[in-house]
Amino acid sequence: MEEKIDLNIPETIPGQQRIVILGAGFGGLKLARLLAADDKTQLLIIDRNNYHQFQPLLYQVATAGLEPSSISFPIRKIFQKKKNVFIRIAEIEKIDTETQMVHTGKGHFRYDKLVISIGTTSNFFGNRQLEENSIGLKTVAEALYIRNQLLKNYENALGSADEQEREAALNIAIAGGGPTGVELAGAIAELRNTILPKEYPELDFTKMNIFLIEAADRLLGSMSAFSSEKAKKYLHKLGVKVLLNTRVESYDGKTVVTDAGKILSSNVVWAAGMKGRPLKGLPEKALMPNGRIRVNEFSEVKGVDHVYALGDIAAMILPSFPNGHPQVAPAAIQQAENLAQNLLRKREGKQPRSFQYKDKGTMATVGRNLAVVELSFLKFGGFFAWFTWMFVHLMSILGIKNKFFIFTNWVSNYFTYNLSLRLIIKPRK
């Protein structure tokens, strides 16, 4: 059978190079938007989804605060007027760095430059039981699954005469005390405290426990001790049981086994680690044990020509960042900006510039009027931090319509203490 190569994508014109971008996350999308105006560049974006998702708000989809469409934006809509940009929705099978080809389920595509920005996935550290029975929070699909599972378990609790079954259905365990775990725990606690008792009056929600399990000795390990203590205080205020210095050892779908004891729960969310998505074709020396890709200060993949990596998947090991840069959106966006400039500089025969990360600060929200913000010159918490968190995230969302829907949702929920998205969406059988 004849191989499908560059199907329905025109050949580059003389003087034009084809840059293939794998992944339309923060880094890949920013790079594509910066290079799309260059008529000497033909862009091909390959992603498994036809939309860009705003990952920082996935927890709000999981807790029925936002619709998935509010935090997602169609990739094709962004490049409607760009004749030099092509998009293919496909699973990446492997890359061939010798022939400079990307192999996918939809055909094979040639590249002059390849940029890998495929993000990361949940890291279960080799524990198959945890991987099979718990759920991560890295995609819209996983967020919807969590929402469905939580609501189904409340319905199941209504029809159960077994006390342990009801306890397991009500209890929620979240493994990982980073921003994702903290924000999800706070959002679920607010649901329990303000909404669920009104909708399920037959259930005793004083018996519903929310466990946030962290193996380290404090929450928000990437932030300061100030933010860690503030977050812990806020979570206790909301009624979350924070278990520090505690490791999850196994989970069979009903019982969470930790090194400190057992917890009955039918709901376990895994937010305890990330690893690089598997990608065949790169040399072993370019990969770290956690699957991230080693790059130099110019985002070039080590040991390979014409291949770059951005964002969470990239590990730029420097004296100031011995574990690579923070796996957050600003780092990916800044790397994309630097790479876009360097690709243009190289074409003009100029020397590339090394990447310099500008840390603009970090933040995490715990609940209504409760958040922590760290800037280079100031650390603060409470209402003003919560307002700052909302403003920054709202401005970062793609699309005016998405900004409007999210803003109106937030305002309505703030004053009414109510959410209208508690729907159980059953997949087609």
Side-chain angles (χ1 to χ4, degrees), residues 22-23 25-28 48 55-56 58 91-95 97 114-139 142 174-182 213-223 246-251 268-304 307-336 355 357 359 362:
L22 306 183
F26 288 107
R48 61 175 61 188
Q55 283 192 332
L58 282 174
E91 291 286 345
I92 301 158
E93 295 176 346
K94 66 175 182 177
I95 61 174
T97 56
L114 176 67
V115 181
I116 303 169
S117 186
I118 56 177
T120 56
T121 187
S122 298
N123 188 357
F124 295 93
F125 304 100
N127 191 316
R128 293 292 300 172
Q129 191 187 50
L130 282 172
E131 186 172 356
E132 290 171 2
N133 294 311
S134 63
I135 182 69
L137 186 53
K138 298 288 290 180
T139 66
E142 288 178 331
I174 301 166
T180 298
V182 166
I213 307 168
E214 169 56 45
D217 59 358
R218 67 183 182 92
L219 302 174
L220 301 176
S222 61
M223 300 179 74
T246 305
R247 292 183 180 276
V248 177
E249 296 179 345
S250 64
Y251 175 57
V268 173
V269 179
W270 187 261
M274 298 182 288
K275 66 178 181 179
R277 293 184 181 277
L279 183 61
K280 296 179 180 178
L282 292 177
E284 286 295 323
K285 62 182 177 181
L287 299 175
M288 296 185 68
N290 62 2
R292 295 178 74 185
I293 300 171
R294 300 178 191 272
V295 299
N296 62 16
E297 66 270 31
F298 308 110
S299 295
E300 298 169 332
V301 175
K302 293 192 174 183
V304 186
V307 182
Y308 306 81
L310 298 173
D312 290 358
I313 192 69
M316 190 181 294
I317 308 299
L318 302 171
S320 52
F321 293 96
N323 297 314
H325 292 92
Q327 291 172 289
V328 293
I333 291 170
Q334 290 179 37
Q335 288 172 5
F355 174 66
Y357 177 54
D359 188 354
T362 53

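None of these values were measured; they are calculated from a predicted model.
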* Shortest non-hydrogen contact between G27 and A336, atoms and distance -> O-CB, 3.3 Å
* Of all the heavy-atom pairs spanning V301 and Y308, show the shortest one and how long it is. => CG2-C, 3.8 Å
* To do: Any chance you could measure I213, atom CD1, to R247, atom CZ, to the nearest 0.5 Å?
  => 12.5 Å
* Nearest heavy atoms of L114 and L22, plus distance in Å -> CD1-CG, 3.8 Å
* With sequence neighbours excluded, what pairs up with Y357 under the ring-ring contact (aromatic ring centres under 6.0 Å, His included) test? -> F321, H325
* Looking at CD of Q334 and CZ of F26, how far apart are the two atoms once the value is rounded to the nearest 0.5 Å? -> 13.5 Å
* Heavy atoms of other groups near R218 CZ, more than 12 under 6.0 Å -> yes
* Contact list for residues 114-127, test side chain to side chain donor-acceptor pair (under 3.5 Å), sequence neighbours left out -> T120-K138
* To do: Please round to the nearest 0.5 Å and tell me the distance separating atom CZ of F124 and atom CD of E132.
  => 10.0 Å
* Structure fact -> Residues at least two apart in sequence or cross-chain that pass side chain to side chain donor-acceptor pair (under 3.5 Å) with E300, listed by chain then number, are N296, K346
* Given the rule in the side chain to side chain contact (heavy atoms under 4.5 Å, CB included) test, do L310 and V115 qualify, once you have shown the distances and angles that lead to the verdict? -> CA-CA 7 Å; L310 298 173; V115 181; 3.7 Å; yes
* Asked: Taking all non-hydrogen atoms of both residues, which atom of T362 and which atom of M223 are closest, and how far apart?
  -> OG1-CE, 3.5 Å
* Asked: Nearest heavy-atom pair of F355 and A331: which atoms, and what distance?
  -> CZ-O, 4.2 Å
* Asked: Roughly how far apart are L279 CG and I92 CD1, rounded to 0.5 Å?
  -> 6.5 Å
* Considering all heavy atoms of both residues, which atom of A175 and which atom of V248 are nearest to each other, and what is their separation? -> CB-CG2, 4.0 Å
* To do: Not counting sequence neighbours, which residues clear salt bridge (Lys or Arg N to Asp or Glu O under 4.0 Å) with R48? List them please.
  => E91
* Nearest 0.5 Å, what's the CG-CD distance between L318 and E297? -> 7.0 Å
* **Residues that D359 engages under side chain to side chain donor-acceptor pair (under 3.5 Å), provided they are two or more places apart** => none
* **Donor-acceptor pair, side chain of Q129 and main chain of Y251, under 3.5 angstrom** => yes
Using distance only, find each side-chain donor-acceptor pair of residues 282-295 under 3.5 Å and give its atom names and separation, not counting sequence neighbours.
from : atom 1 : to   : atom 2 : distance (Å)
N290 : OD1    : R292 : N      : 3.2
R292 : NE     : D312 : O      : 3.0
R292 : NH1    : N323 : O      : 3.2
R292 : NH2    : A314 : O      : 2.6
R294 : NE     : K285 : O      : 3.4

* Structure fact -> One should read off an interatomic distance between M274 CE and T180 OG1, to the nearest 0.5 angstrom, of 7.5 Å
